[in-house]
Amino acid sequence: MVEHSFRNVTDELEGSGLLDLMYPQYQKLLTCMAGMADECGGREFPATHAQIAKRSGGYHHGSITSELVSELVFDFIRLEIVEVVSASGPVTYRTRIGKNKWRRISEDEQTTYRFGSYDRFVELAEEIRRMQDNGDAPLLPPVVPRSSPMRTVR
């Protein structure tokens, strides 16, 4: 891998090209979460789903709800963009998180997240580009009403 010095998570996401491959709702939320980590001075940050939704700017007019945050963050965990470091509640964080257990986390339960490495961001962006070149871009489960399905990548 390429030698990389950490500046902040937001710059790493932008520099990796990963954000450019995502649809706006994913970009917005991931950028918001990266900003929260940057404010904490590293790769980790504590937040509730409601705090992330409010911070994203879409909470008050209903475009980003804590339920939507929960769904999108679950996708980020599956893609290994972020991982759960600690929380209280029914989830075991040292193993893969099942969607049913993840949904039981309430919107006001504090969870600490950690962003993956810059190398992981680059690796994921390259994987998505390869899949797009083959016409086989990955889909994530729809997290918006079925009338407007959303893909992670363009």
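All residue numbers in this chain count up from 1 along the given sequence.
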Quiz prompt | Gap separating the OG atom of S56 from the CG atom of L72, nearest 0.5 angstrom | solution =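 If we round to the nearest 0.5 Å, S56:OG and L72:CG are 9.5 Å apart.
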
Evaluate the side-chain proximity of [Y] to [X]: yes if any heavy-atom separation is below 4.5 Å, no if none is.
| X | Y | answer |
| --- | --- | --- |
| E12 | L18 | no |
| Y118 | L13 | no |
| I64 | K54 | no |
| L124 | I81 | yes |
| M22 | K28 | no |

Practice problem: Determine yes or no for a side-chain-to-main-chain donor-acceptor pair under 3.5 angstrom, with R120 supplying the side chain and L79 the backbone. | Solution: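 Indeed, once roles are kept as given, a pair shorter than 3.5 Å links the two residues.
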
Minimum heavy-atom separation for [X] and [Y], please, with both atom names.
| X | Y | value |
| --- | --- | --- |
| S16 | A125 | O-CB, 3.6 Å |
| G116 | F121 | O-CZ, 3.5 Å |
| S66 | A53 | N-CB, 4.0 Å |

Quiz item: Please walk me through it: do F76 and Y113 pass side chain to side chain contact (heavy atoms under 4.5 Å, CB included)?
Solution: CA-CA 11 Å; F76 296 152; Y113 299 97; over 6 Å; no

My understanding is that only residues two or more places apart in sequence, or in another chain, count here; which of them pass side-chain hydrogen bond (donor to acceptor under 3.5 Å, both in side chains) with [X]?
| X | answer |
| --- | --- |
| E126 | none |
| S117 | none |
| T10 | D38 |

Which residues pass the side chain to side chain contact (heavy atoms under 4.5 Å, CB included) test with [X], sequence neighbours left out?
| X | answer |
| --- | --- |
| T31 | L19 |
| E83 | R114 |
| A47 | M36, F45, Q51, I52 |

Quiz prompt | Option from E127, Q27, R129 for which side chain to side chain contact (heavy atoms under 4.5 Å, CB included) with L21 holds | solution =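 Among E127, Q27, R129, the one meeting side chain to side chain contact (heavy atoms under 4.5 Å, CB included) with L21 is R129.
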
Exercise. Dump the intermediate steps for side chain to side chain contact (heavy atoms under 4.5 Å, CB included) on T65 and V69, then the final yes or no.
Key: CA-CA 6 Å; T65 63; V69 167; over 6 Å; no

Quiz prompt | Derivation of the side chain to side chain contact (heavy atoms under 4.5 Å, CB included) call for V73 and M33 | solution = CA-CA 10 Å; V73 168; M33 292 171 65; 3.8 Å; yes

